[in-house]
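Everything numeric in this text was worked out from a predicted model, so none of it was measured. We name chains A, B, ... by the order of the sequence lines, and we start the count at 1 in each one.
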Protein chains: 2
Amino acid sequence: MASSIHDLARHLNISIGTVSRALNGRADVNADTRQRVLDAAKKLNYSPNQSGRSLRRGATHSIAFMLQPHPGDQEYGEPFFIPFLTGLQAKLAESGLDLIVVMGAPGDYQQERLRRVVETRRADAVVLAWTRREDERIDYLTQAGFPFATLGRSRSGGDSYPSLDLDFEKAGADAVDRLVARGHRRIAAIRPSLDLNFGYLFLAGYRKALRRHGIEFDPELVADGFINEAGGYAVTPKVMRSKDPPTAIIFNNDAMALGGCKALAETGIRPGHDIAVIVIVDTPLCRYFSPALTGFRPALEPMGERLAEMLLASIPAFAGPEGARIIREVWPLELIARDSD
Amino acid sequence: MASSIHDLARHLNISIGTVSRALNGRADVNADTRQRVLDAAKKLNYSPNQSGRSLRRGATHSIAFMLQPHPGDQEYGEPFFIPFLTGLQAKLAESGLDLIVVMGAPGDYQQERLRRVVETRRADAVVLAWTRREDERIDYLTQAGFPFATLGRSRSGGDSYPSLDLDFEKAGADAVDRLVARGHRRIAAIRPSLDLNFGYLFLAGYRKALRRHGIEFDPELVADGFINEAGGYAVTPKVMRSKDPPTAIIFNNDAMALGGCKALAETGIRPGHDIAVIVIVDTPLCRYFSPALTGFRPALEPMGERLAEMLLASIPAFAGPEGARIIREVWPLELIARDSD
DNA sequence: TGTTTTTCCGTAAACGTTTACGAGAACACA
DNA sequence: TGTGTTCTCGTAAACGTTTACGGAAAAACA
């Protein structure tokens, strides 16, 4: 069916070696023959067989993204990743790379699936998300010498891999600053219960800002829950039961905020009126919620594109002539002021 | 690095042919040697090279999912697909198949990307979602003789491919029945502006139920918008401006409902109090919104698993000895009654 | 004209599998 | 003992590429 390099060679009455060289832009082929090969390739609708190429080159030409579903009893997923994947895939496609997604069961730490991807060499590199503070996936990959990049930072693995993260620490501090400026002193923080690194960073920024404003840190105002609606719903009442309840709450993401607001509403507390609410990672949900929630907006699709670039730049086989290099970036989170605080 | 079939052969001092046959469970190999091969494979941590296998077998061992981002100016994606993909990938993995995702730009009809996947044979089959009433992707694939399955139905392509869909028509009718039973006669319907088939099915059920109850169809109560928050927000005021405004609105999905409720709230109309709201495809958002939105819940992860089965069953190379067959199913949508209607 | 360099291309091996074919050994049967 | 059958395994080709190597022809140079 599909035409091969042999078909082209036969058609042009030259050898397959020459055809291959012409197609791959090598120097040792006559400009005229190259043109004839290119024309014939277009005419015969030729496209290289990936299996043959992969076998010969020892690379699969695909990148695996380990998609982590929500932990907890959650049927729906994280819309966060879709635009990120859009950017990632678009950039990879420019280099002829496929994006394959590997999903774990909820709560599963992906270690097993990751090992399978690496050992069976299904991909040339992997992209990890939702990095943990100590991340065994990163330890494993660095130790195995397998190329990878992460969306998010971690304490594992040192600086040996490319990573792109958002500045959750600054966002946490900015949120506190803003609330303090509006007269709040009792500010609660609600974050994921897992050791997801952005939860730590957020809390670090929160505490630092509190200290700067001379406000004592109160453990009663901090709570951890599943990073979804159920988590926010379950955990928000805890901070409200404090002896001196908060007048403001910072949620780590939109789903937790939604659940939290539901819990507040059930006790007659109106977000935006009776209590201030800020969300760290903004989504359309924040924009269209009533009241519209103040939040910090990430540039997800550009992040996907950028991480693809960074990953490719770190792999000798894909990096240009300038050689491989490790890039690590932290992008700002832009505050979008709305009606909830 | 990774051990090959040659390593096994050398290690056991037998030929690679025998190793391959032993691994593939063929009959003409001594039970004893087979066991030795299996043991050695485990010991040497052998796993077959996919490129080599694919090249020889003429199959890629991967399935492409065409992920369609939202049209319109939407940075976030459809969480709907994540659990579906989870099920799909899990089932495919059982057969040693990879899931590769191909994303289009928003608004892009995927025709170009699809053509590339097919022509370069990057996958053995594709899975389509968000089927349109007349779907050129389906026409193209059937005409090209390329295996595929769809999440959703279409008028294109006849019955020649497996498809799994939800019963949007029944859900639309059920929603009307429920609202009529609660005394409503002016019921609005808000659906996607594109020719997405589930929008048609929903409206068909809506109109049928209206007729059954002797209620005249009023075009002023139907509006189309982008299938996201912005769409619902933009379009809901239109139906409210009707000379005889609706006392109930059925939204096609949660994002449109969120946007619509925002628009209502801005004019002082409280969903669940002043107007009834039902959402066709339920999500956690519906559950945690205030008021909690009545909706129809799909079983997304099982749907992913089932569609994988159906796709595999339709492909001779993957179907068991019973031979390939085309399965088409329509799954029910279960109503979850909550506080908004 | 003779020698060296350059340009261009063909040959063949290699990547890791699968599988058709055939052959040797063991066995059964007459 | 001779013939036929069954088990088991090795050999080698094939899938579609890429690329090291070498050689013929053309070009450049003395």
> Is the phosphate of C:dC8, meaning OP1 or OP2, less than 4.0 Å from a side-chain N or O of A:Asn30?
Replying inline: yes
> salt bridge (Lys or Arg N to Asp or Glu O under 4.0 Å) with A:Asp124: which residues, sequence neighbours excluded?
Replying inline: none
Please output the side-chain donor-acceptor pairs of residues 306-317 of chain B that fall under 3.5 Å, not counting sequence neighbours, one pair per line with the distance.
{"from": "B:Arg306", "atom 1": "NE", "to": "B:Glu329", "atom 2": "OE1", "distance (Å)": "3.2"}
{"from": "B:Arg306", "atom 1": "NE", "to": "B:Glu329", "atom 2": "OE2", "distance (Å)": "3.0"}
{"from": "B:Arg306", "atom 1": "NH1", "to": "B:Glu309", "atom 2": "OE1", "distance (Å)": "2.7"}
{"from": "B:Arg306", "atom 1": "NH2", "to": "B:Glu329", "atom 2": "OE2", "distance (Å)": "2.6"}
{"from": "B:Ser314", "atom 1": "OG", "to": "B:Leu311", "atom 2": "O", "distance (Å)": "2.7"}

> Could you give all pairs that pass the side chain to side chain donor-acceptor pair (under 3.5 Å) test and reach residues 37-47 of chain A, with sequence neighbours left out?
Replying inline: A:His11-A:Lys43, A:Gln35-A:Asp39
>> Rounded to whole Å, please give me the gap between CG in B:Asp32 and C1' in C:dA26.
In response: 16 Å
>> Classify A:Thr33 by what it touches in the nucleic acid, base, sugar-phosphate, or nothing, heavy-atom distance under 4.0 Å.
In response: sugar-phosphate
> In the 5'-to-3' direction, what one-character label does each nucleotide of nucleotides 13-23 of chain C receive under the scheme B = base within less than 4.0 Å of a protein heavy atom, S = sugar-phosphate only, - = no such atom?
Replying inline: BBBBBBBB---
> Under the ring pair (Phe, Tyr, Trp, His ring centres under 6.0 Å) test, which residues partner B:Phe81, sequence neighbours left out?
Replying inline: B:Phe65, B:Trp130
>> List the residues meeting salt bridge (Lys or Arg N to Asp or Glu O under 4.0 Å) with A:Arg155, not counting sequence neighbours, and say none if there are none.
In response: A:Glu134
Using atom types as modelled, flag every donor-acceptor pair under 3.5 Å from a side chain in residues 50-59 of chain A to any protein atom, sequence neighbours excluded.
{"from": "A:Ser54", "atom 1": "OG", "to": "A:Gln50", "atom 2": "O", "distance (Å)": "2.7"}
{"from": "A:Ser54", "atom 1": "OG", "to": "A:Ala59", "atom 2": "O", "distance (Å)": "3.0"}

>> Run the salt bridge (Lys or Arg N to Asp or Glu O under 4.0 Å) test against A:Asp159 and tell me which residues pass, sequence neighbours left out.
In response: A:Arg328
> Over its full length, what angle do the end axes of the helix from C:dT1-D:dA30 to C:dA30-D:dT1 make, each axis taken from five pairs and the result rounded to 10 degrees?
Replying inline: 50°
>> Whether the side chain of A:Thr18 engages the backbone of A:Ile14 through a donor-acceptor N/O pair (distance < 3.5 Å, no angle test) should be reported.
In response: no
